[in-house]
Amino acid sequence: MSTANTPVSNFIRTIIDADLASGKHSSIVTRFPPEPNGYLHVGHAKSICLNFGLAVDYQGKCNLRFDDTNPEKESFEYAQSIQEDVRWLGFQWDGEVRWASDYFEELYAFAVELIQKGLAYVDDLTPEEMREYRGTLTEPGKNSPYRDRSIDENLDLFGRMRAGEFADGARVLRAKIDMASSNINMRDPVIYRIRRAHHIRTGDAWCIYPMYDYTHCISDALEAITHSICTLEFEDHRPLYDWVLDNVSVACHPRQYEFSRLELHYTITSKRKLLQLVNEKKVSGWDDPRMPTIQGMRRRGYTASGLREFARRIGVSKSENSVDMAIMEGAIREDLEPRAPRVMAIINPLKVTISNFEGAEAREADFHPNLPELGKRAVPFGRELYIEADDFAEVPPAGWKRLTLGGEVRLRHSYVMRCDEAVKDSSGNVVELKCSIDHATLGKNPEGRKVKGVIHFLSCEHALPAEIRLYDRLFTVARPDADRDVDFSNYLNPDSLKVVQGWVEASVKESAPETHYQFERLGYFCTDRRDHKPGSLVFNRTVTLKDSWTREQA
RNA sequence: UGGGGAGUCGCCAAGUGGUAAGGCAACGGGUUUUGAUCCCGUCAUUCGUAGGUUCGAUCCCUACCUCCUCAGCCA
């Protein structure tokens, strides 16, 4: 993994390199600016890795700033979860957490300044009227009848807005720019509205709240952000970002750059739709392991470094993209491969009775084939074993390397075993196997013949019962929200979760929540963060192993 | 039919006037008591289309096509 820390070139790094080379900046300051109105998802993870990652690579700083200007939708629960997610991903913001609400007083003063310059006015139009006056994409808007109020009147009215003299929504403060602009964002955008809502930090101190476009640029300037990075949909807000900073007396004028947001195959990255899944109980919550939220991915067993590697692999650009889930899975597997201890577990047991069990011994086995430092554990043997039902076939397909009637197979870390008889129930299903082992094959190959297959197994006597949750993609199609006419929930995968009662080897008995393992030949699994306890083992399947056999069969 | 963006391999993505990086996936081979890992090899005469400038263009110019995005007192 020599590439893991090698930065990948992208247009933002190119800009930063140029800014540093020209002396425009001597160091950089970025920021991650979430609104605390929901949980962070994989798209935010990309943004976090970008903003914090740049700060790390360029030895600059990155702030965490909450865009808390819409009190009706925001909560501390979300703010706390967001901080936890950023830290879990391995990043630390510069100084204290910042809040846009910290700047409310300054924001207000700058609004007064705009009014004094004749660049903002109080408007009494109703929302419906304002929409009519705004024009359309192809027709210019027209001026509000209140647009030419005197500076004194505007000052008075704005002061009274703050003082709470007017009802919610009765008036707004608007920037006076150009109602005929071809950019609708410049048609006198609202910058303050009246809303008597309890704010998570300022409580009831304010009944007017600044809008995003007005707040964000000034917040960036107050924090001396050098590169303000956001997603593509804010591209046409940039003229407004610049207009505000050009007309207000802040010393600093950060530059905004936009990159394309992440789309991931077989999932969705819309806060609204994610919320819908939670509200409609399509998933168990924000941290359901099928959710592309940071909390969900974490609970599933995705690792912070794996997610960072994923972000590195997908890069940053301005083009629309829909990333293959294989890139995520590849990054997670690569991260887990060199550190997850190998253990054996049986998901779908088929009982095996060993006829010549007498004298069979346990054997010590490494927890990792290439990392002896991870230690060893005993692999016990017994008269009765469990093997994976899928590992036996009475009528094997071509290329079969596993167990079949009369055939031999290596039991992982143990003996070579032959199947002598398949016991069936009345409907003809194989319910048990009678097998025998070659006592001379413990830790060595049999003489005179080759056994190509290896299957995992558990000694019934020693195995521990466990709940195993098998997760699959949340949706049945790669782009569930691509079709505007079909609701994305129609594409929910009914088989995205299968809970089975399986068996695991005793060495995992005392494992803590969030412990990663590779169940040999099955995949990477993680003890559940919430439900796993010693004595009540719960494993989540993080991702399967690459499987060229199943692929070949398909 | 207004404004703002984007079109480079199946999926991401560098590059930029000098003759197409890399990753993922895929495919072929080797090692292997995980059909895993690991190792080796293959994988764009071509950069949305059509013209033009040039000794030379994915990079410059012109026209066109396709897709995304904007009409919240959300962010």
Side-chain angles (χ1 to χ4, degrees), chain A residues 3 6 8-11 14 33-35 37 67 69-70 72-73 123 125-127 130-131 134-141 168-174 181-187 189-195 209 211-213 215-216 230 232-239 258 260 262 265 271 310 312-331 333-334 337-338 342 344 365 368-370 399-402 409-416 441 443-445 451-456 478 518-523 544-552:
Chain A
T3 54
T6 310
V8 176
S9 175
N10 62 53
F11 74 100
T14 302
E35 183 187 12
N37 71 341
D67 249 327
T69 56
N70 186 4
E72 289 171 312
K73 291 185 176 172
D123 198 349
L125 252 29
T126 65
M130 204 175 290
R131 196 182 320 124
R134 187 149 39 225
T136 69
L137 295 179
T138 50
E139 300 157 29
D168 283 10
R171 294 184 218 260
V172 294
L173 184 71
R174 292 229 254 170
S181 173
S182 52
N183 180 347
I184 291 181
N185 294 119
M186 299 298 270
R187 318 240 260 231
V190 170
I191 59 177
Y192 266 93
R193 76 280 212 185
I194 304 173
R195 193 111 318 164
Y209 291 96
M211 299 288 289
Y212 165 84
D213 284 310
T215 308
H216 200 85
C230 62
L232 247 31
E233 63 269 29
F234 293 101
E235 212 153 15
D236 27 342
H237 292 238
R238 190 177 349 121
E258 311 85 11
S260 54
L262 166 70
H265 283 355
K271 253 190 203 178
F310 168 71
R312 199 186 67 82
R313 290 181 183 187
I314 60 173
V316 177
S317 74
K318 297 190 67 143
S319 42
E320 306 292 325
N321 60 81
S322 195
V323 174
D324 218 307
M325 193 55 103
I327 297 182
M328 173 66 87
E329 295 185 339
R333 287 192 189 106
E334 181 176 300
E337 203 285 330
R342 271 59 167 168
M344 291 197 274
H368 191 111
N370 309 314
W400 183 256
K401 285 161 64 173
R402 284 116 93 147
V409 81
R410 163 71 67 179
L411 293 175
R412 177 71 165 151
H413 298 308
S414 193
Y415 298 92
V416 166
T441 57
K444 49 181 178 277
N445 287 128
V451 176
K452 49 185 185 305
V454 181
I455 66 171
H456 58 282
Q518 184 196 101
F519 286 176
E520 292 211 42
R521 304 207 309 130
L522 296 175
T544 59
L545 255 30
K546 263 213 281 194
D547 180 3
S548 57
W549 167 246
T550 305
R551 199 194 312 136
E552 189 182 310

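Here is how names work: the chains are called A, B, and so on, in the same order as the sequence lines, proteins then strands, and each is numbered from 1.
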Inset, instruction - Assign A:Leu125 to base, sugar-phosphate, or nothing according to its heavy-atom contacts below 4.0 angstrom with the strands shown. - result: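 The answer is base, as A:Leu125 lies within the cut-off (heavy atoms under 4.0 Å) of a base atom.
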
Inset, instruction - Answer syn or anti for B:G41, where the cut-off is 90° from 0 on the glycosidic torsion. - result: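 Anti for B:G41; the angle lies over 90° from 0.
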
Inset, instruction - Answer whether the closest heavy-atom distance between the side chains of A:Arg342 and A:His456 falls below 4.5 Å. - result: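 No, every pair of side-chain atoms sits at 4.5 Å or beyond.
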
Inset, instruction - Could you check whether the rings of A:Tyr212 and A:Phe234 sit parallel, tilted or perpendicular, using 30° and 60° as the cut-offs? - result: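 A:Tyr212 vs A:Phe234 ring planes: tilted.
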
Check whether the side chain of [X] and the base of [N] form a donor-acceptor pair under 3.5 Å.
{"X": "A:Arg195", "N": "B:C73", "answer": "yes"}
{"X": "A:Arg402", "N": "B:G35", "answer": "yes"}
{"X": "A:Arg521", "N": "B:U34", "answer": "no"}
{"X": "A:Arg342", "N": "B:U34", "answer": "yes"}

Can a side chain N or O of [X] be found less than 4.0 Å away from OP1 or OP2 on [N]?
{"X": "A:Thr138", "N": "B:G3", "value": "no"}
{"X": "A:Asn321", "N": "B:C11", "value": "no"}
{"X": "A:Ser9", "N": "B:G15", "value": "yes"}
{"X": "A:Thr14", "N": "B:G15", "value": "yes"}
{"X": "A:Lys546", "N": "B:U37", "value": "yes"}
{"X": "A:Ser322", "N": "B:C11", "value": "no"}
{"X": "A:Arg193", "N": "B:A75", "value": "yes"}
{"X": "A:Thr69", "N": "B:A75", "value": "yes"}
{"X": "A:Arg313", "N": "B:A14", "value": "no"}
{"X": "A:Arg410", "N": "B:U34", "value": "no"}
{"X": "A:Arg551", "N": "B:A25", "value": "no"}

Just the atom pairs and distances: protein N or O near nucleotides 4-7 of chain B's N or O, under 3.5 Å.
{"from": "B:G5", "atom 1": "O2'", "to": "A:Glu235", "atom 2": "OE1", "distance (Å)": "3.4"}

Legend entry - Residue A:Met211, side-chain atoms from C-beta onward, closest of B:G10, B:A75, B:A36: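 Nearest listed nucleotide: B:A75.
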
Legend entry - Most 5' of A:Asp123 and A:His368 on RNA chain B, judged by nearest nucleotide: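 It is A:His368 whose nearest nucleotide is closer to the 5' end.
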
Legend entry - Closest-nucleotide ordering on RNA chain B, the 5'-leading residue of A:Leu522 and A:Phe234: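 Looking at RNA chain B, the more 5' nearest nucleotide goes with A:Leu522.
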
Inset, instruction - Find the distance between CZ (A:Phe11) and CD (A:Glu258) and round it off to the nearest 0.5 Å. - result: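 Going from CZ on A:Phe11 over to CD on A:Glu258, the span is 7.5 Å.
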
Inset, instruction - Please state the P separation for the pair B:A13 and B:G52 - nearest whole angstrom. - result: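 Roughly 32 Å separates the two P atoms.
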
Inset, instruction - Report yes or no: is the ring centroid of A:Trp549 under 5.5 Å from the six-membered base ring centroid of B:G35, with the two planes under 30 degrees? - result: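 Stacked: ring centres under 5.5 Å, planes under 30°.
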
Inset, instruction - To the nearest Å, give me how far apart CZ (A:Arg131) and P (B:C74) are. - result: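 So the two atoms are 12 Å apart, to the nearest Å.
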
Inset, instruction - Grab the CG-P distance between A:Asn10 and B:G23 for me, whole Å please. - result: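 Computing the A:Asn10:CG to B:G23:P distance gives 18 Å.
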
